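All remarks here apply to the structure that follows.
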2 protein chains.
Amino acid sequence: MSDLFTPADFEESGAGPLYVQLHRLIAEAIASGRLKPGDSLPPERDMAAMTGLSRVTVRKGVEALVASGQLVQKRGSGTFVAPRVERLEQALSLLTSFTEDMARRGRRVESRWIARGLHAPAPEEVMALGLGAGDRVARLERVRSSDGVPLAIERASLPAALLPDPEAVEASLYAVLEARGSRPVRAVQRISAANLGPRDAELLGVPTGVAGLRIERVSYLPSGQVVEFTRSLYRGDAYDFAVELKLAPQNQDNAAERIAP
Amino acid sequence: MSDLFTPADFEESGAGPLYVQLHRLIAEAIASGRLKPGDSLPPERDMAAMTGLSRVTVRKGVEALVASGQLVQKRGSGTFVAPRVERLEQALSLLTSFTEDMARRGRRVESRWIARGLHAPAPEEVMALGLGAGDRVARLERVRSSDGVPLAIERASLPAALLPDPEAVEASLYAVLEARGSRPVRAVQRISAANLGPRDAELLGVPTGVAGLRIERVSYLPSGQVVEFTRSLYRGDAYDFAVELKLAPQNQDNAAERIAP
DNA sequence: TAGTGGTCTAGACCACCAA
DNA sequence: TGGTGGTCTAGACCACTAC
């Protein structure tokens with residue numbers, strides 16, 4: 001490992017800014033398997049000496065690899081190749097709760113509550129939930145983990161009429177809704193990607209800037225009333241969403257047209 | 001705008017590293033509307049003087065906002081609040097091509113070809129396409145844009161038997177497949193998020209590290225043969241995928257079980 | 001040409017971890 | 001206690017843009 005960055009190697013490593021060259025050198029070492037998960041990199045000061053760069057430049061070269069989750073830095077300890085994270089796959093075409101979904105594949109689910117209570121609704125919530133004047137909203141915010149690994153942040157808003165006592169929700173929101181006879185039967189989700197901000201990244205235990213999957217879900221009762229408006233952030237490196245597509249039908253009365261006319 | 005960063009403001013701006021404080025200050029100014037799209041920030045050297053920080057620290061504070069697309073930096077010109085990018089929404093439950101999808105909402109589509117040809121398959125392609133010994137693979141790599149804005153990178157692999165002449169593909173791959181009588185009727189997609197590497201970021205005209213939506217699609221003929229194996233990267237800030245969910249049925253023979261048993 | 005962001009340096013101090 | 005990463009500085013040169 002100490003022969004990773006001889007000054008000679010570094011000279012030949014191609015064009016571009018020095019920190020990009022270093023980034024490429026390390027990324028290739030990981031991709032080729034010369035650096036394996038759990039391996040440690042030389043200390044930053046050593047890498048600087050070996051390459052002839054300043055420590056600031058070395059850190060800049062390493063930065064993107066840390067941000068993308070390929071390297072892990074531990075203060076006081078060192079820089080390591082990240083362990084392989086097992087990707088979980090979730091089927092997108094079914095309306096299930098996180099708890100149910102994990103249970104189905106035999107995983108324990110832990111929830112850490114960040115906030116739980118009744119509030120005056122934000123304008124966004126009034127819109128999404130179709131609230132009237134004076135209506136209150138139940139908010140649930142928690143970090144979902146499986147086997148000790150944080151996987152997602154979930155921020156749910158429901159009309160207080162449907163969930164007057166948010167404190168009653170323990171593991172599964174849908175279980176509580178089911179008991180109250182207001183389990184949703186239909187939902188529309190929007191999926192996009194975003195870099196995690198400092199707060200969200202800390203909640204998920206990853207560096208700021210890592211790519212996350214952002215999912216907005218609006219769920220409906222059979223009557224058409226909105227049950228929940230949930231914004232979730234999943235770790236991009238730990239989650240896959242899978243969906244099956246069918247050939248676009250010619251008739252106009254299908255789900256897609258309702259979603260994106 | 002020049003009163004954004006008085007030393008006084010900065011003193012009160014709370015705890016944490018200095019660059020985080022600066023980041024928060026700017027982020028709040030954008031969120032609150034005090035900084036609007038198109039507005040310019042003071043030059044880095046000026047911000048350093050106004051806050052009492054070094055320029056390196058100012059750059060570090062701005063960095064995350066540039067990576068997440070909220071700010072745009074132009075060498076020789078300045079730092080600006082990013083224009084609002086109109087988010088496009090794509091329905092996930094239908095099997096349509098990019099070209100058809102855009103046409104349906106009245107948008108022009110441009111494709112820039114990066115590569116197009118017949119090759120010996122990579123192991124990954126042999127697996128996904130179910131190729132036999134000696135089979136060749138047609139590869140199509142292009143950047144998809146709409147109204148001049150790059151939206152996605154598309155890397156498609158097909159059995160050469162189904163597409164012996166990749167050069168024949170112009171705008172729509174599915175149109176060519178349709179003409180050859182081998183248009184897919186079913187597909188399975190996997191969606192995740194990833195930070196864009198330098199190469200992909202450059203193709204999409206965004207900074208390295210921005211969050212992108214990564215989509216892997218495998219499409220099938222009615223016979224069950226695989227038609228295409230496509231890996232796409234969408235700009236996370238420009239694309240939403242929408243999908244409608246239904247209540248999970250109790251029977252075991254449904255799409256989700258086939259996708260994620 | 002003057003001003004901007006992009007890169008890079010040498011050196012410093014701190015917080016944290018492991019022996 | 002010694003070594004690690006985390007933060008920060010003052011100053012330099014370059015490439016590019018706008019005038």
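Only a predicted model underlies this, so the values are computations on that prediction, with no experimental measurement involved.
Taking atom CD of residue B:Gln21 and atom P of nucleotide D:dT7, one finds them 12 Å apart after rounding to whole Å. Between the CZ atom of A:Phe80 and the C1' atom of C:dC17 there is a distance of 10 Å, given to the nearest Å. Between the CG atom of B:Asp46 and the C1' atom of C:dG5 there is a distance of 13 Å, rounded to whole Å. Summarising the geometry, the separation between NZ on A:Lys74 and P on C:dC17 is reported as 11 Å, rounded to the nearest angstrom. If you take CG of A:Leu18 and P of D:dC14, they are 14 Å apart, rounded to a whole angstrom. When rounded to the nearest whole Å, the span between CE of A:Met47 and P of D:dT4 equals 11 Å. In this structure, A:Glu44 atom CD and C:dA10 atom P are separated by 16 Å, rounded to whole Å. Rounded to an integer number of Å, the gap from CZ of A:Arg55 to P of D:dT7 is 10 Å.
Residues A:Pro17 and A:Ser77 both approach DNA chain C. Their nearest nucleotides, taken by heavy-atom distance, put A:Pro17 toward the 5′ side. Summary of the strand contacts: A:Thr79 and A:Val56 both lie near DNA chain D, and taking for each the nucleotide with the nearest heavy atom, the more 5' one is attributed to A:Thr79.
Comment: B:Glu216 does not engage B:Arg231 in a salt bridge, judged by the lack of any side-chain N to carboxylate O separation of less than 4.0 angstrom. B:Glu124 has no carboxylate O lying under 4.0 Å from a charged side-chain N of B:Arg155, or vice versa, which leaves the two without a salt bridge.
Among C:dG6, D:dA10, C:dT9, the nucleotide with an atom closest to any side-chain atom of A:Leu53 is C:dT9. Of the candidates C:dG6, D:dT9, C:dC8, C:dC8 carries the atom nearest the A:Tyr19 side chain, counting heavy atoms from C-beta on. Side-chain proximity of A:Ser54 to D:dT9, C:dC8, C:dA12: nearest is C:dC8. Taking every side-chain heavy atom of B:Pro43 into account, C:dT4 is the closest of C:dT9, D:dG5, C:dT4.
The base of C:dG5 is paired with the side chain of B:Arg45 by a donor and an acceptor separated by under 3.5 Å. Remark: the A:Arg75 side chain and the D:dG3 base include no donor-acceptor N/O pair separated by less than 3.5 Å.
Residue A:Glu202 qualifies as open at atom CD: its count of foreign heavy atoms under 6.0 Å is 12 or below.
A donor-acceptor pair is defined here as one N or O able to donate and one able to accept, closer than 3.5 Å; such a pair exists between the side chain of A:Arg116 and the backbone of A:Glu167.
For D:dG6, the OP1/OP2 oxygens have a side-chain nitrogen or oxygen of A:Gln73 closer than 4.0 Å.
A:Tyr234 and A:Phe241 have perpendicular rings, their planes meeting at more than 60° on a 0 to 90° scale where under 30° would count as parallel.
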